[in-house]
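The figures here come from the full heavy-atom set of this structure, side chains too, leaving out hydrogens, waters and symmetry mates. Chain A is the first sequence line, chain B the second, and so forth, proteins listed ahead of strands; every chain is numbered from 1.
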Amino acid sequence: MKPRLRFAPSPTGYLHIGGARTALFNWLFARRHGGTFVLRIEDTDQERSTPQSLQAILDGLTWLGIDWDEGPGKDGRHGPYFQMKKLDRYGQLAQQLIDAGWAYRDYSTEDELSAARKAFAAEKGLKEGDDLRSAGFKFTSPWRDKNQTLEKPALIRFKMPRREGRFGFDDLVLGRIEKPYDDFDDFVLLRSDGVPLYNFGCVVDDHDMAITHVGRGQEHINSTFPQLMIYEAFGWEPPRFAHIPLILGQDKEKLSKRRHPEADVMKHKENGILPHALLNFIARLGWSHGNDETFTREQLIEKFDFEHVGKANGVWNPGKLVALNQHWIKNTEPLEVAMQLLPYLQATGVPEAAVDAKLELGVRAFAERSTTLVEMAEKLKPYYVKGVTIDGAAAAKHLTPEGKALLQKAREELAKLTDWTTAALDPIVKTVADANGAKVGAVAQPIRVAATGNTVSPGIGVTLELLGRDETFHRLDAALR
RNA sequence: GGCCCUGUCGUCUAGUGGCCUAGGACGGUGCCCUCUCACGGCAUAAACCCGGGUUCGAAUCCCGGCAGGGUCACCA
């Protein structure tokens with residue numbers, strides 16, 4: 001049987017890096033085994049769900065190259081893929097549970113609940129701000145065994161069986177996990193407005209969508225237990241679960257929107273990170289394959305498994321992400337990098353830039369010198385504008401009378417060239433140095449400063465080819481004046 | 001607080017009882033290469049949370065501490 005996996009975000013914000021990794025692991029597993037990857041939208045929190053968030057999540061996944069076989073924009077046989085579109089289904093199933101004695105209508109009001117809380121607090125002698133849960137507050141609805149249907153709104157609670165002992169499941173990454181039955185209260189299945197809560201909607205949908213494996217964050221371990229009870233009540237076979245460790249910020253706190261800008265997937269796009277580099281990085285954060293560090297998309301699909309997902313939380317390491325980014329900048333076809341780079345370059349103020357031979361040459365020259373696409377764009381920009389401002393210190397050091405004399409000689413040699421290529425340009429430096437009894441550096445640096453305004457650039461040959469013949473002479477002559 | 005999960009260099013990790021004198025990667029340090037900057041190459045410092053067991057033998061198994069995390073809603 002081909003596996004079916006899903007990613008089920010709630011559209012209440014941008015695509016979080018932890019969510020992206022969860023999506024990636026599920027996607028990799030589905031792809032590896034020729035299965036199906038489903039994208040389901042859990043939009044039952046109407047307070048917080050927004051269309052913008054949905055779009056942001058879709059955009060984030062698309063940017064990362066994580067595609068889905070069923071879900072928004074991809075209808076399948078197991079839809080609808082938005083929970084708010086199947087309220088009737090949840091209602092019918094909840095009624096089924098009531099009929100079977102696994103659930104009941106609860107007409108308790110908020111007032112009654114808070115009265116119970118107050119009574120509990122008074123009995124225990126707790127103060128206003130104290131956490132009732134810590135003190136062991138439990139609420140048992142008086143409607144639990146009444147089995148009544150009244151003409152007023154009710155929420156539907158699951159009736160946890162009063163059992164001794166423990167129950168649990170075999171987690172794909174954590175192994176056996178168990179809890180005592182009496183750890184759980186009757187939990188809410190359906191709100192009084194008929195909208196399902198997470199546990200109920202999740203189980204119904206995973207069943208309806210024939211999900212076989214659920215990879216999700218470890219914060220969901222505890223909700224697995226009530227979900228298991230729902231499966232039992234319906235007599236459904238639960239999927240296999242794989243609880244993935246959390247990603248922590250450098251302060252070792254859970255990655256949060258507020259304190260950790262890196263939690264937003266699209267922030268990395270903005271920072272000039274290649275989508276595949278980010279993919280490689282988050283894959284390695286929590287999963288490993290021996291001593292391997294870099295993986296192509298195909299290798300990731302070929303090697304991924306839940307058994308090698310680690311059990312401990314991981315700390316975000318921006319330095320390693322950047323190192324991986326540089327690795328992929330260097331190890332991706334220059335044409336491909338050029339296409340990714342273009343928008344960043346244009347954004348620096350050179351809208352006329354295009355994916356052409358010049359840009360590809362630029363990528364080849366700067367791949368080893370750039371850690372991000374933003375950095376590469378900034379470094380390439382001077383090759384797209386007319387003229388250059390020469391750095392004072394650089395001029396003072398290299399455009400001395402002696403420097404200028406050598407620069408003049410070099411200019412004369414360059415003028416003789418018919419072929420303006422790196423291969424033809426490179427030897428000029430040594431030729432001029434030899435002819436004048438100077439060191440190569442004494443020739444190269446004045447040229448570099450005159451041509452780029454600075455002491456740092458790729459080799460003289462590529463630098464001048466990138467600049468082009470006309471612009472090179474324009475800048476050299478300006479420096480010689 | 002109850003319950004649950006976790007604990008190898010600063011960080012990500014390899015490791016599933018002898019192959020471990022604990023390996024790799026990022027970062028650090030030093031050297032080499034070199035027209036600058038990078039890239040690359042070589043070398044180096046750096047870890048099994050603590051304490052008990054089990055075993056001929058434990059980073060690996062068990063127990064207890066300690067530390068970190070998760071969860072306990074008409075959020076997901």
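- A donor and an acceptor atom sit less than 3.5 Å apart, one in the side chain of A:Asn291 and one in the base of B:G23.
- Among the protein residues, A:Thr224 comes within range of no part of the nucleic acid, since none of its heavy atoms lies under 4.0 Å from any strand.
- Across every strand in view, B:U44 sits in a pair with B:G28 that passes the Watson-Crick or G-U test at under 3.5 angstrom.
- Within the nucleic acid shown, A:Asn313 comes within 4.0 Å of sugar-phosphate atoms alone, with no base atom in reach, counting heavy atoms only.
- For A:Thr44, a side-chain nitrogen or oxygen approaches OP1 or OP2 of B:A76 to under 4.0 Å.
- For B:G2 and B:G64, the P atoms lie 15 Å apart once the distance is rounded to whole Å.
- Side chain of A:Ala312, nearest nucleotide from B:C74, B:U6, B:G10: B:U6.
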Query raised in the report: What is the per-nucleotide protein-contact pattern of nucleotides 28-49 of chain B, from the 5' end, where B denotes a base atom under 4.0 Å from a protein heavy atom, S denotes such proximity for sugar-phosphate atoms only, and - denotes neither?
Result: -------BBBBSS---------

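- The ring of A:Phe169 has its center closer than 6.0 angstrom to the ring center of A:His243.
- Using a 30° and 60° split on the angle between ring planes, A:Trp316 and A:His268 fall in the tilted class, from 30° to 60°.
- Remark: the separation of the P atoms in B:A38 and B:U29 is 12 Å, to the nearest Å.
- By the 4.0 Å N-to-carboxylate-O rule, A:Lys320 lies close enough to A:Glu293 to be salt-bridged with it.
- At the heavy-atom level, A:His220 lies under 4.0 Å from base atoms of the strands shown.
- Residue A:Lys439 is out of contact with every strand shown, counting any heavy-atom pair closer than 4.0 Å.
- When distances run from any side-chain atom of A:Pro180 to the nucleotides B:U13, B:C3, B:G69, the shortest one goes to B:C3.
- Taking atom C1' on both B:C48 and B:U8, the two are 4 Å apart, rounded to the nearest angstrom.
- Considering only side-chain atoms of A:Ile221, the nucleotide from B:G15, B:C5, B:U71 that sits closest is B:C5.
- Of the P atoms belonging to B:A67 and B:C50, the separation is 15 Å, rounded to the nearest Å.
- Atom name C1', nucleotides B:G68 and B:C74: the rounded distance is 33 Å, in whole Å.
- One finds a salt bridge joining A:Asp170 and A:Arg176 here, because a Lys/Arg side-chain nitrogen approaches an Asp/Glu carboxylate oxygen to under 4.0 Å.
- Geometrically, A:Lys381 does not engage A:Tyr384 in a cation-pi contact, judged by NZ or CZ lying under 6.0 Å from the ring centre and within 45° of the ring axis.
- Put simply, CG on A:Leu97 and CD1 on A:Ile230 are 7.5 Å apart, with the number rounded to the nearest 0.5 Å.
- Between the C1' atoms of B:C9 and B:U44, the separation comes to 14 Å (whole Å).
- Residues that satisfy the side-chain hydrogen bond (donor to acceptor under 3.5 Å, both in side chains) test with A:Asp426, not counting sequence neighbours, are absent from this structure.
- Nucleotides B:A47 and B:G27 have their C1' atoms positioned 15 Å apart, rounded to a whole Å.
- The side chain of A:Glu293 lies closest to B:G24, out of B:G24, B:C5, B:C75.
- Taking every side-chain heavy atom of A:Glu219 into account, B:U71 is the closest of B:U71, B:C4, B:C75.
- Base engagement by A:Lys179 is indicated by at least one non-hydrogen atom pair under 4.0 Å involving a base atom.
- Nucleotides B:C66 and B:A25 place their C1' atoms 30 Å apart, quoted to the nearest Å.
- Ring pair A:Phe25/A:Phe306 is perpendicular by interplanar angle, where above 60° counts as perpendicular and below 30° as parallel.
- As rounded to whole Å, 9 Å separates atom P of B:C12 from atom NZ of A:Lys320.
- Closest to the side chain of A:Leu246, from the set B:G70, B:C12, B:C4, is B:G70.
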